[in-house]
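This report refers to the structure that appears directly beneath it.
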Protein chains: 2
Amino acid sequence: MMELTRKGEYAIRGIIYLAQQPPGRVSLISEIAAAAEVPQSFLAKIFQSFAKLGLVTSARGTGGGFVLARPASVITLREVVEAVEGPIVPNRCLLGSACERGGEPCRAHAVWKQVQTEVVHILDDVTIESLARNRNLDEVTMESLARNR
Amino acid sequence: MMELTRKGEYAIRGIIYLAQQPPGRVSLISEIAAAAEVPQSFLAKIFQSFAKLGLVTSARGTGGGFVLARPASVITLREVVEAVEGPIVPNRCLLGSACERGGEPCRAHAVWKQVQTEVVHILDDVTIESLARNRNLDEVTMESLARNR
DNA sequence: TATAAGGAGATAAAATTGGTCCTAAAGGTG
DNA sequence: CACCTTTAGGACCAATTTTATCTCCTTATA
């Protein structure tokens, strides 16, 4: 349950690669795909989404390619995931008022709302910069644990 | 992203109905399906899973049907969801060591672990009894008013 | 005129959302 | 006891949707 698809996985791998490049360096989709080990044609569409949402800047033609549109420190994991997977919604009932049966929202409505809030909060607190940084995961874990009290 | 399927939705609706019955009362799958407004043939399979996992007790033949195997107060939402949707896993990489690339786990590994822990914790804290209970006093009030008329 | 992204499909495989039909168990009846 | 009805168990089927790619054509640009 609640699984990220390959699209989300590839999106993260791809944008982390971009974040690891020297600032301003332009990367080709072919280069990113090779480095992140993801299918190029698939990644191309993922980066189209990124560009449309203003996460990356794209340029066509010779010398074209992709660059982060903002510093990696102000791009959150949530933005990246939602860019390709859509909003984080543990149950459809959180979208339209689609869970109303007999005039009442579904019994678990408040629980799903809580799950959504929690997950969004976690992903909002993770920047692409922190993921791109070369450090051991223990440190990252300790940090987020500390933030969460 | 991270959506519960209809199977999970139906599972919750179905077991809540069971929890709302007088203790020991046996319910037929046809009855549960009608009350919860879910396809009977689909619900039958869901309850098979419940039975196999010991969430409900089933009996065949005349007088047969389903009863909760434990008090609703000690059945958690997590158990119900995992019974039909499988373990709560926001990313495949949390299962086998399938996210290793170049000897390293994926960059976001710790984040997914944290998400998993959080969600599991929330769902573990919700009992079917709490979901089955009448939520607001207004409803109860309206009901007894209607009865007294 | 290369080059590289944008965008519109096309497609195969897998998962979802059901349904059908037969079997097995349990109770009731003559 | 034999038999019939009832009700869950289980195997299998099928339509639809989603996932995961790929291909090809267009557009912008150095």
Side-chain angles (χ1 to χ4, degrees), chain A residues 1-15 18 25-34 36-69 81 83-87 89 91-92 98, chain B residues 1-15 18 25-34 36-69 81 83-87 89 91-92 98:
Chain A
M1 182 216 178
M2 319 201 107
E3 262 176 57
L4 198 71
T5 66
R6 282 178 208 282
K7 195 151 118 184
E9 181 75 31
Y10 295 163
I12 296 168
R13 297 231 289 261
I15 206 160
L18 257 203
R25 160 103 198 284
V26 173
S27 303
L28 302 185
I29 199 69
S30 54
E31 173 195 340
I32 306 170
E37 293 174 56
V38 316
Q40 179 176 334
S41 63
F42 202 2
L43 193 67
K45 290 212 229 186
I46 291 168
F47 270 70
Q48 266 179 44
S49 305
F50 286 168
K52 233 177 274 181
L53 283 162
L55 259 53
V56 304
T57 305
S58 69
R60 306 196 224 189
T62 313
F66 294 93
V67 193
L68 289 187
V81 169
V84 297
E85 307 256 15
V89 170
N91 190 341
R92 312 180 212 282
Chain B
M1 182 216 176
M2 320 202 109
E3 264 176 55
L4 197 70
T5 66
R6 282 177 207 284
K7 196 151 120 186
E9 182 73 32
Y10 295 164
I12 296 169
R13 298 230 290 260
I15 206 162
L18 257 203
R25 159 105 198 284
V26 174
S27 304
L28 302 185
I29 199 69
S30 54
E31 174 196 339
I32 306 170
E37 293 176 57
V38 316
Q40 180 176 333
S41 63
F42 203 3
L43 192 67
K45 290 203 239 187
I46 291 168
F47 270 70
Q48 267 180 42
S49 305
F50 285 167
K52 233 176 275 181
L53 283 163
L55 259 53
V56 304
T57 305
S58 69
R60 304 197 228 190
T62 315
F66 296 93
V67 192
L68 290 187
V81 168
V84 298
E85 306 256 14
V89 169
N91 190 340
R92 313 179 212 279

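Below, read A as the first sequence line, B as the second, and so on, with proteins coming before strands; counting in each chain starts at 1.
Under a 4.0 Å N-O distance rule, the pair B/Glu85/B/Lys7 does not qualify as a salt bridge.
Distance, A/Arg13 CZ to D/dA20 C1': 14 Å, rounded to whole Å. When rounded to the nearest whole Å, the span between CD1 of B/Ile32 and P of D/dT7 equals 12 Å. Residue A/Phe42 contributes atom CZ, which lies 17 Å from atom P of C/dA12 at whole-angstrom precision. Counting to the nearest Å, the P atom of C/dG7 and the CD1 atom of A/Ile46 are 15 Å from each other. In this structure, B/Leu43 atom CG and D/dG9 atom P are separated by 11 Å, rounded to whole Å. Going from atom CG of A/Leu28 over to atom P of D/dT29 covers 16 Å, rounded to whole Å. Rounded to whole angstrom, the span from the CD atom of B/Gln48 across to the C1' atom of D/dC12 amounts to 13 Å. Rounding to whole angstrom units, CZ of residue B/Arg92 and P of C/dA14 are separated by 12 Å.
Position along DNA chain D of the nearest nucleotide to B/Ser30 versus B/Lys45 favours B/Ser30 as the more 5'-ward residue. Judged by closest nucleotide on DNA chain C, A/Thr62 is the one of A/Phe47 and A/Thr62 placed further toward the 5' end. Positionally, the nearest nucleotide of DNA chain D for A/Thr5 lies more toward the 5' end than for the other of A/Thr5 and A/Gly63.
Picking from C/dG6, D/dA8, C/dG18 the nucleotide with the shortest atom distance to the side chain of A/Phe66 gives C/dG6. Listed nucleotides C/dA5, D/dA8, C/dG7 differ in distance to B/Ser58; the shortest reach to its side chain belongs to D/dA8.
To the nearest 0.5 angstrom, A/Ile46 atom CD1 is 10.0 Å from A/Glu9 atom CD. Note that CG of B/Leu43 and CD1 of B/Ile32 are 6.0 Å apart. Values are rounded to the nearest 0.5 Å.
Put simply, the side chain of B/Tyr10 reaches to within 4.5 Å of the side chain of B/Pro39, judged on heavy atoms. You'll find the side chain of A/Phe47 stays beyond 4.5 Å of the side chain of A/Leu55, heavy atoms only.
Backbone-only contact: B/Tyr10 has heavy atoms under 4.0 Å from sugar-phosphate atoms and none from a base. As judged by a 4.0 angstrom heavy-atom cut-off over every strand, A/Ala59 is placed among residues touching the sugar-phosphate backbone only.
Side-chain to base pairing of A/Arg60 with D/dT29: no donor and acceptor N or O lie closer than 3.5 Å to each other.
Taking only side-chain nitrogens and oxygens, B/Arg6 comes nearer than 4.0 Å to OP1 or OP2 of C/dT17.
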